[in-house]
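Since we're looking at a predicted model, the values are computed, not measured. Naming: A, B, ... by sequence-line order, numbering from 1 per chain.
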2 protein chains.
Amino acid sequence: MSSTSSKSIYGDAEVRRRRTLDAAISLLDEGGYSALTIRAVAKRAGTSTGLIYQYFVDKQDIFAALLSESQLEMADFVNSLPREQGLSALLESMISEFARHWARVGRLTTTWRDIEGMAGSDRESMRELHASVAVFNSALVRALTESAAAEGNRLIDDPALVHVVLSGLKGLSDTIVINVAKEITPEHFVNFSARALARSITQ
Amino acid sequence: MSSTSSKSIYGDAEVRRRRTLDAAISLLDEGGYSALTIRAVAKRAGTSTGLIYQYFVDKQDIFAALLSESQLEMADFVNSLPREQGLSALLESMISEFARHWARVGRLTTTWRDIEGMAGSDRESMRELHASVAVFNSALVRALTESAAAEGNRLIDDPALVHVVLSGLKGLSDTIVINVAKEITPEHFVNFSARALARSITQ
DNA sequence: ACCTGAACACCGTTCAAGT
DNA sequence: ACCTGAACACCGTTCAAGT
C-alpha cells in the first residue's frame, strides 16, 4: 500500500521493511513467540531497534503486517483449490492449510483485541488487515458455494454462515496445533471435522 | 488438592492463595490482560511479590489455577442444563455461557502451549487443569447424548466428536468476544451456530 | 537526512535481609 | 519460620547524539 519508494544512500526503505518482516517470521518459526523480540528482529534484519519504529508504529504493527500476509496467502490457496471434489474435500484441504498458518500466526491474533478496542483502529496496518480479511472471506464463500454446487448441494442462506465457518476453522486449527486429541490421528480428525463442518452448513 | 492447611501467626496460607486468585480475577475483569501483573496482584491481595511465588511456581501457574476453576464452573453449568429441549437449545445455552467465560480466560489459554511443550507438563497445576478439563468433557458428552436422545436423535459415534464440539465452542466464543460479525445480532449468531453445531454431530 | 544504541519505564522472578 | 522489597535480567519504546 505504501507508495513511498524512498531509496537513499542508506538503502531502500521498502527492502528494509521486507527484511524486518522476514526476520520476524524466521524467529517465530525457530524459537516461537517468546523469541520474537524487537532486539532480536533488529539484529537479524541488520538494523537497529530505533529504526524499526520508523517502519512500524509498534510491535503490534509488525503482527498486523504478518497477519495480512498470512491472510492473503490463505486466500490464494483457497482460490487454487479444485471444486469438483465437493464440500468435504474442499474443507479438508482448507483445515490442513489453515492449521499450518495457525501454528505460526495463531498466537499473534490474540493481541488483536487489545488494539481493536483502543483508538488504534484507524491505523494504516489495521485497515490493511481488515482488507486482507475481506479478501480471504470472499474467496472462502466462493469456494464453499461452488463446491456445494458441484455436488448438487446448496449452502444454507444466512449472513452468519461465513462467521460460523471461520469460527470452525479457527477452533479446529487451534485444537490441531495444541494437539489435544492425542488418541486419534490428525488425518482422522481433519477428515471427520471436514465432514462435520460440511454437514453444518448444507441442506 | 493441596491438603496442607498451614495456618500460622501470619494467617492461613489457603486463604491467601484464594485472595491471590480473587485479586487476579478482579484485575482481569477491570483492566484486561495487561492489568494482570504480579505487582498489581500482590498489592490487591495484600501480600508481597515474593510471597506469591510461595503459592504459585510462576505466573502461568496462576493462569492454570484460574483455568481449572473456570472449567469446573462450566462443568457445573452444563450439568445443570435441561435436556428435554433438544440439542440445539442445549448448545445455544452452552455457547452463550462458554463465551462469557472465554471473555475472561480466553487470553490465558494462549499460553498453554508454551508450558505444555516444556518440561513443566508434570506440574501439580497442570495435572489439576487436565483433570478439570476431563470433568468438563464428560459433562459435555453426557449432556449432548441425553439431549439428542430427548428428541429421538443419536450422536455420530466417533472419538473425534468431542474435540470437534470443543473446537466449535472455542472458535465461536472467540468470534463472539472479538465481535467480528458486526452486521448480525449476537442472538442470531448464537442461535444459528447452535443449530449448525447440532447438525454437524447428529444423524 | 538518516541511523544508532544508551536510557527509561516497565515486566517476571529471586534472594539477602528483616521480623 | 515466614515475609518483604530491592535487585537482576529482561522487555518495548524513545530520543539525544552521532554520521
Side-chain angles (χ1 to χ4, degrees), chain A residues 2 4-21 23-24 27-28 31-66 107-108 110-111 114-115 118-120 123 125, chain B residues 2 4-21 23-24 27-28 31-66 107-108 110-111 114-115 118-120 123 125:
Chain A
S2 45
T4 52
S5 63
S6 55
K7 283 180 201 173
S8 74
I9 39 161
Y10 299 99
D12 193 340
E14 217 65 22
V15 169
R16 186 131 42 182
R17 201 188 135 91
R18 183 64 269 149
R19 256 204 275 270
T20 303
L21 290 175
L27 282 167
L28 213 44
Y33 184 77
S34 66
L36 190 57
T37 69
I38 295 289
R39 281 170 179 80
V41 171
K43 178 177 261 184
R44 182 163 296 200
T47 57
S48 62
T49 59
L51 194 51
I52 285 188
Y53 287 86
Q54 198 152 44
Y55 303 112
F56 303 94
V57 340
D58 56 19
K59 201 181 180 184
Q60 305 282 1
D61 219 43
I62 300 178
F63 294 176
L66 294 176
R107 177 69 179 266
L108 307 185
T110 320
T111 42
D114 301 337
I115 352 173
M118 301 192 316
R123 291 204 230 188
S125 64
Chain B
S2 45
T4 52
S5 63
S6 55
K7 283 180 201 173
S8 74
I9 39 162
Y10 300 98
D12 193 340
E14 216 67 21
V15 168
R16 187 132 40 185
R17 201 187 134 92
R18 183 67 264 151
R19 256 204 276 270
T20 303
L21 290 174
L27 283 167
L28 212 44
Y33 184 78
S34 67
L36 190 58
T37 69
I38 296 290
R39 282 171 179 80
V41 171
K43 178 177 261 186
R44 182 163 294 201
T47 56
S48 63
T49 58
L51 194 51
I52 285 188
Y53 287 86
Q54 199 152 43
Y55 303 112
F56 303 95
V57 341
D58 56 19
K59 201 181 178 183
Q60 305 282 1
D61 219 45
I62 300 179
F63 294 176
L66 294 176
R107 177 70 179 266
L108 308 184
T110 321
T111 42
D114 301 336
I115 351 173
M118 300 193 314
R123 291 205 229 185
S125 65

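Within the 4.5 Å cutoff, side-chain heavy atoms of A:F56 are placed close to those of A:L21. Using a 4.5 Å cut-off on side-chain heavy atoms (C-beta onward), B:I38 and B:I62 make contact.
Of the listed nucleotides (C:dA6, D:dA6, C:dC11), C:dC11 has the atom at the smallest distance from the side chain of B:R39. Taking only side-chain atoms of B:I38, from C-beta outward, the nucleotide of C:dT13, C:dA6, C:dC3 with the closest atom is C:dT13. The side chain of B:K59 approaches C:dG12 more closely than any other nucleotide in the set D:dT14, C:dT4, C:dG12.
Between A:Y53 atom OH and C:dT4 atom P the separation is 15 Å, expressed in whole Å. Counting to the nearest Å, the C1' atom of D:dT13 and the CD atom of A:Q60 are 13 Å from each other. As a whole-Å value, the separation of A:I52 CD1 from D:dT13 C1' is 11 Å. Following rounding to the nearest Å, A:I62 (CD1) and D:dT13 (P) show an atom-to-atom distance of 8 Å. C:dG5 atom C1' lies 13 Å from atom NZ of A:K43, rounded to whole Å. Atom-to-atom, CG of A:D58 to P of D:dT14 comes out at 8 Å; the value is rounded to the nearest Å. Rounding to whole angstrom units, CG of residue B:D61 and C1' of C:dG12 are separated by 14 Å. Distance B:F56 CZ to C:dG12 P: 14 Å, rounded to the nearest Å.
Within the nucleic acid shown, A:T37 comes within 4.0 Å of sugar-phosphate atoms alone, with no base atom in reach, counting heavy atoms only.
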Query raised in the report: Step by step, would you call A:Q54 with A:T47 a side-chain contact (heavy atoms from CB on, under 4.5 Å)?
Result: CA-CA 11 Å; A:Q54 198 152 44; A:T47 57; over 6 Å; no

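Residue B:R16 places no side-chain N or O under 4.0 Å from the OP1 or OP2 atom of D:dC2.
If B:L51 and A:L36 are placed on DNA chain D by their nearest nucleotide, the residue sitting closer to the 5' end is B:L51. Between A:Y10 and B:Y55, it is B:Y55 whose nearest contact on DNA chain D lies nearer the 5' terminus. For the pair A:T49 and B:G50, nearest-nucleotide mapping onto DNA chain C gives the more 5' position to A:T49.
For the atom pair CG (A:L28) and CZ (A:R107), the distance works out to 10.0 Å, reported to the nearest 0.5 Å.
Other residues, nucleotides and ligands contribute over 12 non-hydrogen atoms within 6.0 Å of the CZ atom of B:R44.
Base-pair partner of D:dC15: C:dG5 (Watson-Crick or G-U wobble, both distances under 3.5 Å).
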